[in-house]
Amino acid sequence: NAQRPEDYEAAERFLLGIGAKNKLPLLTIIDTTGGDCSPMAESRGQSRKIGRLMDLRYQYPYTTLALKLGFDFSGGGATLDSPGDGEAAAENSLTFVADPRTKSWIQGGHWFDIESEDFQAFINGESTARAEVLKQMLLVDTVITEGPGGAHRNRQLFAKNIRAWL
């Protein structure tokens, strides 16, 4: 589900309360469709809360690491993976400025059925930032191998590779 304003408030309380007071390192695990872009969320200060949380992440005084596991969409995802001491992406993770259906509307003027071949071609196209592309762009330090069939089929191998990165 998309993150709501309350979710950013909870993350801020953790950063300022538990994290900073106890001098804890911060590891964010990212698999999000991004922030709720509804008018209701905006009326509750969504953009302001995203901006504040990003600012806090940049200023966090202790070690920060981010791991992209699945999806990382829009500003909602950026609040969790702002630059820090290290960032890794699972080899099959995807990063978009907007979720693929919204992006298809912006770029092509129509919605994709997420089960269609057109949708699969779109998310596999050049406009999708896959883990290797992110590494080439220097946006992540490491691509973590998931193994055949993906992380959900090789949990132990994937966990071993995450431990090695940490």
Side-chain angles (χ1 to χ4, degrees), residues 1-4 6-15 17-20 22-37 50 53-54 56-58 60-104 112-166:
N1 293 337
Q3 293 139 347
R4 303 165 316 204
E6 299 78 23
D7 299 325
Y8 298 107
E9 292 168 1
E12 181 179 332
R13 283 192 303 276
F14 173 81
L15 276 178
I18 299 168
N22 294 297
K23 301 179 181 178
L24 295 174
L26 177 64
L27 170 63
T28 54
I29 299 172
I30 305 152
D31 188 2
T32 178
T33 56
D36 179 1
C37 57
I50 288 172
L53 187 56
M54 289 176 77
L56 290 171
R57 277 287 314 252
Y58 286 121
Y60 194 72
Y62 307 106
T63 302
T64 61
L65 300 171
L67 172 59
K68 297 173 187 281
L69 281 185
F71 291 125
D72 178 12
F73 296 152
S74 88
T79 60
L80 304 172
D81 70 355
S82 52
D85 299 298
E87 187 163 345
E91 67 180 314
N92 294 313
S93 63
L94 301 172
T95 298
F96 299 94
V97 173
D99 74 86
R101 292 187 72 197
T102 302
K103 192 172 180 181
S104 72
F112 281 120
D113 172 2
I114 61 172
E115 302 296 325
S116 73
E117 289 181 24
D118 287 342
F119 180 75
Q120 294 304 316
F122 182 79
I123 66 167
N124 289 319
E126 293 178 20
S127 59
T128 302
R130 297 194 172 281
E132 283 300 329
V133 173
L134 295 176
K135 187 171 181 186
Q136 290 169 6
M137 296 170 65
L138 305 177
L139 295 173
V140 298
D141 308 309
T142 305
V143 174
I144 298 177
T145 303
E146 296 181 38
H152 61 288
R153 295 192 190 260
N154 292 286
R155 289 186 285 261
Q156 285 146 343
L157 173 64
F158 190 53
K160 176 183 167 191
N161 292 341
I162 291 172
R163 279 192 296 275
W165 169 66
L166 291 171

Shortest non-hydrogen separation from Asn154 to Gly149 and the atoms involved: ND2-N, 4.4 Å

Heavy-atom closest contact (Trp165 atom, Ala66 atom, distance): CH2-O, 3.5 Å

Flag, side chain of Asn161 to backbone of Thr145, donor-acceptor distance under 3.5 Å: yes

Contact summary for Glu146 and Leu157, nearest pair of heavy atoms: O-CD2, 4.0 Å

Ala131 versus Ala90, closest heavy-atom pair with distance: CB-O, 3.3 Å

side-chain contact (heavy atoms from CB on, under 4.5 Å) between Leu166 and Leu67, worked out: CA-CA 10 Å; Leu166 291 171; Leu67 172 59; over 6 Å; no

Taking every non-hydrogen atom, the tightest pair across Phe158 and Ala151: CD2-CB, 3.4 Å

Worked check of side-chain contact (heavy atoms from CB on, under 4.5 Å) between Met54 and Arg57: CA-CA 5 Å; Met54 289 176 77; Arg57 277 287 314 252; 5.6 Å; no

Distance (rounded to the nearest 0.5 Å) between Leu15 CG and Leu24 CG: 10.5 Å

Between CZ on residue Phe14 and CG on residue Leu56, distance to nearest 0.5 Å: 12.5 Å

Glu87 side chain vs Thr64 backbone, donor-acceptor pair below 3.5 Å: no

Inter-residue atom distance Glu12.CD - Asp7.CG, 0.5 Å rounding: 13.0 Å

Spacing of Ile29 atom CD1 and Leu69 atom CG [to the nearest 0.5 Å]: 6.0 Å

Shortest non-hydrogen contact from Tyr8 toward Gln3: OH-OE1, 2.7 Å

Worked verdict on Asn22 versus Tyr62 for side-chain contact (heavy atoms from CB on, under 4.5 Å): CA-CA 10 Å; Asn22 294 297; Tyr62 307 106; over 6 Å; no

Interatomic distance, Glu91 atom CD to Lys135 atom NZ [nearest 0.5 angstrom]: 12.0 Å

